[in-house]
Amino acid sequence: MAIQARDYWTLTKPRVVALIVFTALVGMFLAVPGLPPWQETVFGLLGIWLAAASAAAINHLIDQRIDKVMARTAHRPLATGALRPVQVLVFALALGALSMAILVRLVNVLTAALTFASLIGYAVIYTGWLKRATPQNIVIGGVAGAAPPLLGWAAVTNMQGQWDWAHALLLVLIIFVWTPPHFWALAIFRREDYARALVPMLPVTHGVAYTRWQILIYTVLLVVITLLPVAIGMSGVFYLGGAVVLGLVFLWYAWRLLDPPDEFFAMRMFNYSVVYLMALFAFLLVDHWLLPWLPGAGAAVGGLDFQRVG
Ligand code: HEM
Ligand SMILES: CC(C)=CCC/C(C)=C/CC/C(C)=C/COP(=O)(O)OP(=O)(O)O
């Protein structure tokens, strides 16, 4: 019984989904001055978490064949037979239905609709189609994984606030451009897995050297885009400092990856990509929320302007 609970938990990709939910939380806090309304925040996060977990479980269901073939995923509950497909289907549908009920009843219909679109985008369009169809799979499919800050924003404002919700799209853009370096670093290391499973990931179809250059291009783009929140007055110097330091380290990884010291370097870059996104969003949050309260910090921070507007 305990083992089954652990298997169901594994289906939800808990660590990936935790970071997804955190980016939604940051979207919520940046959407309004002060604290966002508690009901929309709590139930919004719960609904987004359940939807992402449902999408992750559907991904396990659709990817059974692939997961069995790849060393990284061969231990997953469906691949080993620890869970039956019908159990996973019922679990995923239950999580998805619960998510929609919570979002529609306790948050708003717009957030439910956008979250549902993200769920379908990842679980059906990316997993069921793009992943098998094109090496641009993760670029296009990345939209679904990037959406959560917008979902969080929608949850607490219903897109009706005075504040320009297009700022939420900038947060989405950051995750969207972060996804290729995040994933392709791992795909370089795991390319034999993907080749064996006949999944057309970029290092398999276009080779490792080409993928390394693509990673560098996206990383440069990412670092430039992460400066935009400051350029448009959405974030201040605290965020700027964090984004620059984190970005320089990411750039160093991408540059070094062109001629890596060993075969594990791509995996170290992948691990850093996760730390990077987590820390970048933490800087956005702290900058927005804490800095206006620090003596002397106000003038440099978008947050104070924000309060005047609000
Ligand atoms: C199309 C988009 C994406 C693809 C293809 C992708 C792919 C992957 C893969 C293959 C792994 C390794 C998982 C494992 O070995 O279990 C991974 C790990 C991870 N991803 Fe992504 N990812 C994407 C988007 C995202 C997004 C949007 C986030 C969060 C905002 C995210 C956060 C993470 C985290 C935190 C891990 C580490 C999980 C762990 O340590 O167990 N990913 N990703
Ligand atoms: C509603 C909502 C916000 C949905 C978000 C969807 C979601 C869970 C996105 C995570 C992206 C991810 C882990 C992709 C890896 O899939 P993969 O199949 O390429 O990786 P795998 O081989 O590890 O399964």
Side-chain angles (χ1 to χ4, degrees), residues 9-27 44-45 47-76 78-79 92 95-96 99-100 103 111-132 135-152 154-155 171-172 174-190 193-194 197 199-202 267 270-281:
W9 181 242
T10 303
L11 289 179
T12 67
K13 300 196 175 178
R15 287 197 284 219
V16 179
V17 170
L19 186 51
I20 282 177
V21 170
F22 179 59
T23 64
L25 175 92
V26 174
L45 292 176
I48 294 165
W49 176 60
L50 288 168
S54 167
I58 297 171
N59 171 274
H60 279 80
L61 194 61
I62 296 179
D63 272 355
Q64 284 174 74
R65 177 194 69 76
I66 294 175
D67 286 351
K68 264 187 210 144
V69 178
M70 303 204 304
R72 179 176 60 82
T73 51
H75 63 278
R76 289 183 173 175
L78 269 176
L95 293 185
S99 159
M100 287 304 119
L103 292 177
T111 308
L114 291 171
T115 305
F116 185 69
S118 307
L119 191 162
I120 297 295
Y122 173 63
V124 180
I125 299 176
Y126 167 73
T127 305
W129 173 40
L130 293 169
K131 183 170 173 178
R132 292 149 169 81
Q136 291 301 314
N137 45 18
I138 61 108
V139 179
I140 311 166
V143 176
L150 181 68
L151 308 181
L171 302 180
V172 172
I174 289 174
I175 305 177
F176 176 72
V177 177
W178 162 88
T179 301
H182 164 69
F183 174 71
W184 284 334
L186 175 127
I188 285 178
F189 187 72
R190 296 288 186 180
D193 253 2
Y194 284 116
V199 182
M201 293 303 183
L202 197 63
M267 224 29 215
F270 164 78
N271 289 332
Y272 176 73
S273 76
V274 172
V275 174
Y276 172 90
L277 195 72
M278 207 183 323
L280 189 81
F281 271 71

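In this text the structure is predicted, and so the values were computed from the model without any measurement. Side chains included, hydrogens not; waters and symmetry mates left out as well; all remaining heavy atoms used. Numbers for residues simply follow the sequence, beginning at 1. Counting convention: from 1, in listed order, for ligands and their atoms alike.
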Student: Should the proximity of W178 to ligand 1, defined as any heavy atom under 4.0 Å, be assigned to the side chain, the backbone, both, or neither?
Tutor: side chain
Student: What are the atoms of ligand 2, with element, lying closer than 4.0 Å to any heavy atom of T115?
Tutor: 1 (C)
Student: Against heavy atoms of L277, which atoms of ligand 1 measure under 4.0 Å?
Tutor: 30 (C)
Student: Can you measure from CE (M201) to CD1 (I188) and round to the nearest 0.5 angstrom?
Tutor: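 CD1 of I188 is found 13.0 Å from CE of M201.
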Student: Please state which protein non-hydrogen atom is closest to atom 39 (C) of ligand 1 and give its distance, to 0.1 Å?
Tutor: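 Of every protein heavy atom, R15 NE, 3.2 Å lies nearest to atom 39 (C) of ligand 1.
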Student: Calculate, to the nearest 0.5 Å, the distance between atoms CD1 and CG belonging to I20 and L45 respectively.
Tutor: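 Reported to 0.5 Å precision, the distance equals 13.0 Å.
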Student: I'd like to know whether ligand 2 has N59 as a neighbour, heavy-atom separation below 4.0 Å.
Tutor: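 It does, in that a heavy atom of N59 comes within the 4.0 Å cut-off of ligand 2.
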Student: Counting only heavy atoms, tell me which of I20, V17, T73 gets closest to atom 29 (C) of ligand 1.
Tutor: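 Minimum heavy-atom distance to atom 29 (C) of ligand 1 goes to I20.
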Student: Let me confirm one number: the CD1-CZ distance from I66 to R132, rounded to the nearest 0.5 Å.
Tutor: 4.0 Å
Student: Any atoms of ligand 2 less than 4.0 Å from a non-hydrogen atom of D63? List them with their elements.
Tutor: 18 (O)
Student: Answer yes or no: is there a side-chain heavy-atom contact under 4.5 Å between W178 and Y276?
Tutor: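 W178 vs Y276: side chains touch.
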Student: Quick one: which of F22, F270, Y194, Y122 has a heavy atom closest to atom 11 (C) of ligand 1?
Tutor: F270
Student: May I ask you to identify the nearest protein heavy atom to atom 7 (C) of ligand 1, giving residue, atom name and distance to one decimal place in Å?
Tutor: F183 CD1, 3.4 Å
Student: Measure F176 to ligand 1 on non-hydrogen atoms and call it side chain, backbone, both or neither using the 4.0 Å cut-off.
Tutor: neither
Student: Could you list the atoms of ligand 1 found under 4.0 angstrom from a heavy atom of L186?
Tutor: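 Listed by number with element, the hits are 10 (C), 12 (C).
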Student: Tell me the protein heavy atom at minimum distance from atom 2 (C) of ligand 2, and give that distance in Å.
Tutor: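 Minimum-distance protein heavy atom for atom 2 (C) of ligand 2 reads S118 CB, 3.8 Å.
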Student: Heavy-atom contact under 4.0 Å between R76 and ligand 1?
Tutor: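 Contact present.
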Student: Below 4.0 Å, non-hydrogen atoms only: which portion of R72 touches ligand 1? Side chain, backbone, both or neither.
Tutor: side chain
Student: Check each atom of ligand 1 against the heavy atoms of Y126 and keep those under 4.0 Å away; list them by number with element.
Tutor: 5 (C)
Student: What protein heavy atom lies closest to atom 4 (C) of ligand 2? Include the residue and the distance to one decimal.
Tutor: A52 CA, 3.9 Å
Student: Considering only protein heavy atoms, which is closest to atom 16 (O) of ligand 2, and at what distance to one decimal place?
Tutor: Y122 OH, 2.9 Å
Student: Tell me: protein heavy atom nearest atom 17 (P) of ligand 2, and distance?
Tutor: K131 NZ, 3.6 Å
Student: Within the structure, does T179 bring an N/O atom to less than 3.5 angstrom of an N/O atom in ligand 1?
Tutor: no
Student: Checking a contact table here: which protein heavy atom is nearest atom 32 (C) of ligand 1, and how many Å away?
Tutor: V16 CG1, 3.7 Å
Student: Looking only at protein heavy atoms, which one is nearest to atom 3 (C) of ligand 2, and what is the separation?
Tutor: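 Answer, as residue, atom name and distance: P148 CG, 3.9 Å.
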Student: Measure I20 to ligand 2 on non-hydrogen atoms and call it side chain, backbone, both or neither using the 4.0 Å cut-off.
Tutor: side chain
Student: Which of the numbered atoms in ligand 2 are below 4.0 angstrom from a heavy atom of R72?
Tutor: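 So the atoms of ligand 2 that pass are 21 (P), 22 (O), 23 (O).
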Student: For V274, take its heavy atoms, then give the atoms of ligand 1 lying under 4.0 Å from any of them.
Tutor: 34 (C), 35 (C), 36 (C)
Student: How many angstroms lie between atom OG1 of T111 and atom CZ of F116, to the nearest 0.5 angstrom?
Tutor: 15.0 Å
Student: Checking D63 against K131 for the salt bridge (charged side-chain N to carboxylate O under 4.0 Å, His left out) test, could you report, in this order, the C-alpha distance in whole Å, the side-chain angles of both residues, the deciding distance, and whether it holds?
Tutor: CA-CA 10 Å; D63 272 355; K131 183 170 173 178; 2.6 Å; yes
Student: Tell me which protein heavy atom sits closest to atom 20 (O) of ligand 2, plus the residue, atom name and distance to 0.1 Å.
Tutor: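 Among all protein heavy atoms, the one nearest atom 20 (O) of ligand 2 is K13 NZ, 3.8 Å.
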Student: Is V16 near ligand 2, meaning one of its heavy atoms is under 4.0 Å from it?
Tutor: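 The answer is yes: ligand 2 sits under 4.0 Å from a heavy atom of V16.
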Student: With atoms numbered from 1 as shown, which atoms in ligand 1 lie under 4.0 angstrom from a non-hydrogen atom of G145?
Tutor: 27 (C)
Student: Charged N to carboxylate O below 4.0 Å: is that the case for D67 and R76?
Tutor: yes
Student: Evaluate H182 for polar contact with ligand 1, using N/O atom pairs at a separation under 3.5 Å.
Tutor: yes
Student: Could you list the atoms of ligand 2 found under 4.0 angstrom from a heavy atom of Y126?
Tutor: 16 (O), 17 (P), 18 (O), 19 (O)
Student: List every atom of ligand 1 that sits less than 4.0 Å from any heavy atom of I138, numbering the atoms from 1 in the order shown and giving each element.
Tutor: 1 (C), 5 (C)
Student: May I ask whether R76 places a heavy atom under 4.0 Å from ligand 2?
Tutor: yes
Student: Side-chain contact test, heavy atoms from C-beta onward, threshold under 4.5 Å: evaluate it for T12 versus V17 and give yes or no.
Tutor: no
Student: For a 4.5 angstrom cut-off between non-hydrogen side-chain atoms, does I62 reach W129?
Tutor: no
